[in-house]
Amino acid sequence: MKKSIKIILLTLCFVLLLGMAAVNAIIPYTTYTYDIDGNYVESPHAYVPYEVITSSTLGIGDSPITDPQDFCTGRISQIGDDAQKYFYWDGKIYISDTNSSIENPVPKVVIAEYDEVQSGFKYIAEISTFVNEWGVPDRITSPSGLYAIDNLLFVCDIDSARILVFATDDVNVDGVEYKLGDFVKTIEEPESEVISDNHVYRPRAVAANTLKDKDGVISLGYMYVVGESTHQGVISINGEGEFSGFIGTQSNTLTFFDMLWRKLQTEEQRNKSVKNVSTSFNNVNINEKGFVYATTDAINDDDLFKAIQAKSITSDVSPVKMLNPNGQDVMKRSGFFPPVGEITFTQQATPQYSITGPSKVVDVGLGPEGTWSIIDEKRQKVFTYDEDGNLLFAFGDKGSQLGNISMVEAVDYAYSDDDANSANYLMILDSTNDAITVYKRTEYGDVLVQALRNQRDRKFDEAEKDWREILQRNSNFDMSYIGIGKSLYRQGKYEEAMAQFKFAYDTENYSEAWQQVRKEWVEKYVIVIPIVIIAFLLLVSFIFKYAKKVNDAGLALRKKRTLKEEFMYGFHVMFHPFDGFWDIKHEYRASTKGATTILILTILSFIYYSIGQAYIISPYPTDVSVVMMFASILLPVFLWVISNWCFTTLFDGEGSLKDIYIATCYALFPLPPFLILTTLLSNIVTVDEAGLLTLALGVSLFWCGFLLFFGMQVIHDYTLFKNILTTLATIIGMVFIMFLAVLFTSLVTKIVGFVYNIIIELSYRV
């Protein structure tokens, strides 16, 4: 009996494992994120393949889709109870098709609608010909970018240099009633003195907003147009078709050599120069708050690679921007890495990995709760971010299975009819296969969106529960810790929030929570702060007075000094370098024991600085090697001493090797107090205040350099110009000595290896 039960249990386990393997095998891609170090971290699927929309599935037989350029989902704008505007899906999708791959092309826009009975999309209409506002029969010549809102469809007719507006359902525009497929308006090329005469207007992508009165009458709002040959930015056009300006201009930075070369160029050469104009955009979208998302693939790969490596958060090198009505980039980039798509890639092609360089971003889709997605044309992947620029998930791959894409062209979200705050579908246009792949949001994705929604709605208790549930499903998702931390922060649980932010290496939010903790402490112990400050000032005053007393007592000429006298003399050298270094050489105020004491103290201060800094200043854990810390200080000091002695011996320097060593060590005297003080203060400052500590440390380093420079001048009795020359020669000599040391080490290693191989060979033969 027991044996039978064991067999049954083993069989059930085997079946479950097979089921899990089968489920994973259905999804032909991996969903993932990146951690703080840029390591690839797998994640549960947020979206899974649902269906593929083709001419066949839509029921288009006579004139199938053969060359799709773009697609979009329709949006209906609503005003909620809180007076906030939001969108929901109108149940339709729109596909622009040039039909250029067939013998008798019929450029058109296909309209399909979701059929709940059949649980799929069906063809309902297409727009190819129309009667324009002058009563003349017309047709769409080359449909490109699309945008649909409030039962209006904006079509970029790129070769005809115009934007056409059609009705996609019953709609009242400026008092005129329209039905599905009716022509509404033509937006011609705008005129302006800002636009050059030789500019070729080719509208490639468009996004628009509308105005709706209480009776539901629609008026055209602003339109934002990306021109194929427009480099000044996104073209802003008002509802009357008049030019309003350029927004989001992306300037390429000219280097000094670029500017010098341009001075030597002819006017024609300067006009042809790529860096003479700003980079162009390739796509555009707009959210419910009127912010414009614009993408570009014209950024130099090397610049983008450097920005990723440096974790740059500036918009100067960014393939996607969020522009306010004034054209300023207001996108938040608070993630571990800038929102640029892929962040780990090879720069050189290999047989195993042929895709090189940063992502080529070609479109942006706007999802629920401030989320947005970009698509990478190189890798056929989707990267989704939250409104703060944190990567939520990435997925996709090239292939022929359901869910894979051959060539991504466009991306958009479909909002469900019954829940205006939810987007259940994500769609991607595959231009190679003339199809749209539909991805359905999973339960994991639902919880993720719900967490973002509760966080936006200030339901912090619910948001915390959602983030903890996400953490149970995906323990490697750092955004969960950040979400939990934000919820705890808004509940006033600042110390608990700090712990969560620390898990995710989120120093910005950690700093805000710490600021509140510090504020509470200050309010509670307000009397302690002036006492500590006064005590510190009294201690500093006492140390300097005591040092002056010791130094004054040591004015008498003696060849031997106590260690206390030699150490305290460093305070005099700090503020009186010329007299101080002169007395070190001629009045025997210092010796090697005092200098070595200062050098050891400096090393110990650096070790304390490395291990004692607060989390805000040094968030990433590192292993501190005492040996390496000693070497990092001793090596440059000894290189300087040896190199300076070599050159000053040739240039009639009066200082001996001992004098140089003593003067160099005493020049380091300001460093230990600054290092100790900044390390202590790092535990009470915020991120915004940390710059003051960096400034203080920079001052101490400059002070040491100042003392070192003039200390060498005094002990060698050089003029200022001669001291500058020997200083430069000393630095060059340090580099040369290092080169010789590396060369000698390499040579010795090879000799030892050669001798070792001979010994091994002889041992085998014997």
Side-chain angles (χ1 to χ4, degrees), residues 70-75 77 85-87 144-149 154 156 203-210 221-227 230 233-237 245-250 278-299 304 313-335 338-341 359-377 382-392 394 408-415 423 426-429 452:
D70 192 20
F71 92 101
C72 71
T73 59
R75 299 177 177 182
S77 62
K85 186 178 181 181
Y86 60 87
F87 293 144
S144 180
L146 302 175
Y147 189 81
I149 184 172
F154 296 78
C156 292
R204 175 179 179 176
V206 62
N209 55 31
T210 57
Y222 277 91
M223 288 160 279
Y224 301 93
V225 182
V226 168
T230 304
V234 177
I235 303 170
S236 176
I237 304 174
F246 292 106
I247 65 172
T249 304
Q250 295 202 147
S278 64
T279 54
S280 60
F281 292 105
N282 58 20
N283 230 313
V284 68
N285 210 330
I286 187 171
N287 68 9
E288 68 276 7
K289 295 181 180 179
F291 291 100
V292 176
Y293 286 74
T295 60
T296 179
D297 58 0
I299 297 175
L304 194 53
I313 60 173
T314 63
S315 63
D316 296 336
V317 184
S318 178
V320 58
K321 293 185 177 184
M322 186 175 76
L323 309 171
N324 64 14
N326 295 325
Q328 299 171 323
D329 182 19
V330 293
M331 176 174 284
K332 296 179 181 178
R333 299 177 174 88
S334 304
V340 297
S359 296
K360 183 179 181 181
V361 178
V362 294
D363 195 13
V364 56
L366 306 182
E369 305 306 327
T371 61
W372 50 278
S373 300
I374 54 177
I375 50 176
D376 180 3
E377 190 181 68
V382 182
F383 298 85
T384 300
Y385 303 87
D386 69 358
E387 59 186 350
D388 291 326
N390 297 293
L391 179 65
L392 299 177
V408 294
E409 189 69 30
V411 61
D412 209 347
Y413 282 84
Y415 291 69
L426 184 150
M427 304 181 182
I428 297 177
L429 174 61
L452 295 172

### Query
Tell me, do N283 and V364 make a side-chain contact under 4.5 Å, heavy atoms counted?
no

#### Entry: Any donor-acceptor N or O pair under 3.5 Å, side chains T295, N282
yes

#### Entry: Residues in salt bridge (charged side-chain N to carboxylate O under 4.0 Å, His left out) contact with D329, at least two apart in sequence or another chain
R333

### Main-chain N/O of Y222 paired with N209 side-chain donor or acceptor, under 3.5 Å
yes

### Query
Taking C-beta and beyond as the side chain, do V330 and F291 meet within less than 4.5 Å on heavy atoms?
yes

### Query
CZ of F246: more than 12 outside heavy atoms within 6.0 angstrom?
yes

### Task
Side-chain contact test, heavy atoms from C-beta onward, threshold under 4.5 Å: evaluate it for N390 versus Y385 and give yes or no.
no

### Query
Under a 4.5 Å cut-off applied to non-hydrogen side-chain atoms, are V362 and I375 in contact?
yes

### Message
Taking D386's backbone N and O only, do any of them form a donor-acceptor pair with W372's side chain (distance below 3.5 Å, no angle check)?
### Response
yes

#### Entry: N287 (side chain) donor-acceptor with K289 (main chain) under 3.5 angstrom
yes

### Query
Less than 4.5 Å apart, any side-chain heavy atom of V284 and any of V292?
yes

#### Entry: pair F281-R204: side-chain heavy atoms closer than 4.5 Å
no

### Query
Within a strict 4.5 Å, meaning less than it, do heavy atoms of the F71 and D412 side chains meet?
yes

### Task
Could you verify whether a donor N or O on one side chain and an acceptor N or O on the other, from Y413 and T371, lie under 3.5 Å apart?
no

### Query
So, S334 and D388: side-chain donor and acceptor under 3.5 Å apart, yes or no?
no

### Query
So do I149 and F87 actually touch side chain to side chain, heavy atoms under 4.5 Å?
yes

### Query
Which pair of heavy atoms, one from L304 and one from S359, lies closest together, and at what distance?
CD2-O, 4.4 Å

### Task
Could you list the residues that satisfy side-chain hydrogen bond (donor to acceptor under 3.5 Å, both in side chains) with S236, not counting sequence neighbours?
none

